[in-house]
Amino acid sequence: MQGLKQKKVNFIERLQADPKRDNASRRRMRMIIPLAALLLIILLVEGYIFIILRGGLQKEYDANMTYLNDPTVQANFDQVLSLNIELSTLQQDYQNSQSVFDNMDTFSELDRTLYDAVNNPAVAYSITVADYSFDRATGVLILNCSGPSSLSASTYMEALRTSNKFVAVSYIGYSGADNNYAFTATLQVIKGMEVSR
């Protein structure tokens, strides 16, 4: 027995070892490995789908960018923007004019003549008459107006001055935002002409 090596076994450690705990640990390990493999498969499938979708999405993105960067499309877009601004301005002018026309049934012919004397040059010089007031005791007509520049305002006032409908014409103005020159015009109406509100 000289050729056999003596095996050192710690019997106390073996007696204290819990075989149930070791079995539970092995069962957990047996469950973790399939779950990890399933998770890996799911990640691989998701990655494959992402790569395929990314290629399709990249093509779609490139096509959209080519379309958006096309000079013809940009020119059409700019034209639509300018038409929308013009449409908004025309709708506002229409609403202002509609309220005046709704009240015009109460105006006499002289009043319509005076309205035309104020409104026709306003349209010609891109002036918007936002509001007006008339003092019958003094014959003073006050207009709150706005236009694209001080030059358009002074040209409009000159047209009112030469219309032969007013004794005196004056205005006070100031510059506003976005090239909007707001001003207040004071007009002394010739006796015999009346304005209805």
Side-chain angles (χ1 to χ4, degrees), residues 57 59-197:
L57 291 176
K59 289 176 189 173
E60 190 175 324
Y61 173 78
D62 292 341
N64 288 338
M65 290 308 293
T66 302
Y67 175 77
L68 290 175
N69 291 329
D70 184 10
T72 307
V73 171
Q74 288 180 349
N76 289 342
F77 181 73
D78 292 340
Q79 185 180 9
V80 167
L81 283 179
S82 66
L83 288 174
N84 278 340
I85 292 169
E86 186 177 340
L87 177 64
S88 174
T89 303
L90 290 174
Q91 285 174 336
Q92 184 63 38
D93 290 347
Y94 173 77
Q95 289 173 350
N96 292 342
S97 299
Q98 191 62 39
S99 65
V100 169
F101 285 129
D102 289 345
N103 293 330
M104 248 183 173
D105 293 336
T106 61
F107 293 169
S108 68
E109 277 305 309
L110 284 176
D111 294 337
R112 183 170 286 230
T113 303
L114 188 59
Y115 171 78
D116 289 342
V118 169
N119 191 51
N120 289 344
V123 172
Y125 299 112
S126 301
I127 301 296
T128 302
V129 179
D131 189 24
Y132 75 91
S133 64
F134 181 68
D135 183 359
R136 286 190 180 274
T138 60
V140 174
L141 176 63
I142 298 174
L143 307 172
N144 291 318
C145 308
S146 63
S149 67
S150 60
L151 179 62
S152 63
S154 63
T155 309
Y156 172 65
M157 294 308 294
E158 184 60 30
L160 292 177
R161 197 173 280 114
T162 58
S163 70
N164 296 324
K165 305 284 187 224
F166 309 102
V167 176
V169 174
S170 64
Y171 76 102
I172 298 171
Y174 59 93
S175 291
D178 297 327
N179 297 326
N180 186 21
Y181 188 81
F183 60 98
T184 302
T186 305
L187 314 171
Q188 179 68 50
V189 178
I190 294 176
K191 270 194 189 274
M193 299 193 78
E194 294 180 1
V195 179
S196 297
R197 185 105 162 113

Please list all pairs meeting salt bridge (Lys or Arg N to Asp or Glu O under 4.0 Å) that have one or both residues in residues 148-163, counting only residues at least two apart or in different chains. Glu158-Arg161
Sequence-distant partners of Asn144, side chain to side chain donor-acceptor pair (under 3.5 Å), two or more places apart: Thr184
Compare all side-chain heavy atoms of Ser126 with those of Pro148 and state whether any distance is below 4.5 angstrom. yes
Of all residues at least two apart in sequence or in a different chain, which pass the side-chain contact (heavy atoms from CB on, under 4.5 Å) check with Gln91? Leu87
Across all chains, not counting sequence neighbours, the side-chain contact (heavy atoms from CB on, under 4.5 Å) partners of Ala159 are Pro121, Tyr125
Which pair of heavy atoms, one from Cys145 and one from Ile127, lies closest together, and at what distance? CB-CG2, 3.9 Å
d(Leu143 CG, Met157 CE) to nearest 0.5 Å is 7.5 Å
Within a strict 4.5 Å, meaning less than it, do heavy atoms of the Tyr115 and Val129 side chains meet? no
Atom OG in Ser146, atom CZ in Phe183: separation rounded to 0.5 Å? 7.5 Å
For Tyr61, enumerate each residue passing the ring pair (Phe, Tyr, Trp, His ring centres under 6.0 Å) test, keeping only those at least two apart in sequence or located in another chain. none
So, for Val189 and Phe166, which heavy atoms are closest and what is the spacing to 0.1 Å? CA-CD2, 4.1 Å
When you compare the side chain of Ile142 with that of Tyr132, does any pair of heavy atoms fall below 4.5 Å? no
Measure the spacing between OG of Ser163 and CG of Leu160 and express it to the nearest 0.5 Å. 5.5 Å
By side chain to side chain donor-acceptor pair (under 3.5 Å) - contacts of Gln92 (at least two apart): Asn96
Please list, chain by chain and in numerical order, all residues satisfying side-chain contact (heavy atoms from CB on, under 4.5 Å) with Ser154, sequence neighbours excluded. Leu151, Tyr171
Enumerate the residue pairs fulfilling side chain to side chain donor-acceptor pair (under 3.5 Å) with a member in residues 63-84, sequence neighbours excluded, ordered by first and then second residue. none
Who pairs with Ser170 by side-chain contact (heavy atoms from CB on, under 4.5 Å), at least two apart in sequence or on another chain? Thr186
